[in-house]
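So the structure is just underneath, and the comments pick up after that.
Each ligand, and each atom within it, is numbered from 1 in the order the structure gives.
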Amino acid sequence: MSLDMDAAHPVLEIKGLTKRYGDFTAVSDLALAVPRGEIFALLGPNGAGKTTTLRMLMGILRPSSGTASVDGLDCFQDRCAVKQHVGYLPDEPVFYDYLRGREILRFVGEMHGLDPAEIDRRSEPLLERLELADALEEYAVNYSKGMKKKLALLCALLHDPALLILDEPTNGLDPYATRSLLEIVREKVADGKTVFYSTHLLDQAEKLCRRVAILFKGRLAAVGTLDELRAARGGSLEEVFFAVTGGAAPPGNAPA
Ligand code: ATP
């Protein structure tokens, strides 16, 4: 299938997506289409609305207006069904503290209808690659930030979702785990999956992605392939980022 046909059938479609908290608009009239089989980065300075957007995609937040859909399923109305197609890595994963790593994997896998042997079969290679195997009998309350992130990534991958939604995926990871995570992401895309992730790391986005969007004060400030954006602005992604975010001060209007 050509890239143009892929673009005509995006896995993730966002139309007019808006989130207001009282008088404050965190995300405003966002429109994006994410083609299947790509790594798509959502960039933006602190407070731009990236996490709010991802939470709406996961049905955790109800949009004030507009819609988002994954393979035609509405991200809010059909949020349970959407979770069968999506693996979500939150920026700050939260677990039941007094479950062991192994029990958390079992719990999440069984929610997806996997039996224990299949959960072990799927998780073992990833546990080795992420160097988490030795911590499986430990309680999550004792996990470091990076260990929690690794466990959350495993949970997001267990059901082999078509779309991965990753919020600051390498935040808190050491260089070894960062390298492993990026390799896993690339393998998923080579396998036909789609990855949508938010990051502050422009060099990482530049290395990984074909297409990026830049949010600023809740609005889409730029979107396109890296080549399109660089050609339009005549510079690196960093120069594009600073140009469209006006020096990148965080939003001045405080939440109501
Ligand atoms: P960062 O890069 O710092 O993680 P972000 O781009 O993910 O930032 P969001 O967390 O989506 O930004 O926040 C966008 C804006 O919405 C911020 O100004 C934030 O203060 C505001 N906001 C987020 N959640 C709420 C809430 N529950 N109530 C009021 N305002 C909120």
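- Ligand-side atoms of ligand 1 in range of Ala48: 5 (P), 6 (O), 12 (O), range being under 4.0 angstrom from any heavy atom.
- Panel note: side chain Lys50, backbone Pro45; a donor-acceptor pair is recorded below 3.5 Å.
- Arg36 places a side-chain heavy atom less than 4.5 Å from the side chain of Val11.
- Distances below 4.0 Å separate heavy atoms of Thr52 from the following atoms of ligand 1: 9 (P), 11 (O), 13 (O), 14 (C).
- Leu153 and Leu208 fall within a single hydrophobic cluster, where Ile, Leu, Val, Met, Phe, Trp and Tyr side chains are chained together by heavy-atom contacts under 4.5 Å.
- Geometrically, ligand 1 and Ala26 share no nitrogen or oxygen pair separated by less than 3.5 Å.
- Looking at His200 next to ligand 1, an N or O pair under 3.5 Å apart turns up.
- Close approach to Asn46 involves these atoms of ligand 1, each under 4.0 Å from a residue heavy atom: 1 (P), 2 (O), 3 (O), 8 (O).
- Heavy-atom separations between Gly44 and ligand 1 are all 4.0 Å or longer.
- For the pair Lys19 and ligand 1, no heavy-atom separation below 4.0 Å is found.
- Close approach to Pro45 involves these atoms of ligand 1, each under 4.0 Å from a residue heavy atom: 6 (O).
- Placement of Phe107 and Leu157 within a single hydrophobic cluster is found when ILVMFWY residues are connected by side-chain heavy-atom separations under 4.5 Å, directly or transitively.
- Interface atoms of ligand 1 facing Lys50, defined by a heavy-atom separation under 4.0 Å, are 1 (P), 2 (O), 5 (P), 6 (O), 7 (O), 8 (O), 11 (O), 12 (O).
- A side-chain donor from one of Asp167 and Ser198 sits under 3.5 Å from a side-chain acceptor of the other.
- Heavy-atom contacts of Thr51 reach the following atoms of ligand 1: 5 (P), 7 (O), 10 (O), 11 (O) (cutoff under 4.0 Å).
- Salt bridge annotation for Arg210-Asp227: absent, with no cationic side-chain nitrogen under 4.0 angstrom from a carboxylate oxygen.
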Practice problem: Show your working on salt bridge (Lys or Arg N to Asp or Glu O under 4.0 Å) between Asp91 and Lys149 and close with a plain yes or no. | Solution: CA-CA 8 Å; Asp91 185 19; Lys149 201 88 177 187; 3.4 Å; yes
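- With a 4.5 Å cut-off on side-chain heavy atoms, Leu89 and Glu168 do not count as touching.
- Counting heavy atoms under 4.0 Å from ligand 1, residue Ser198 does not touch it at all.
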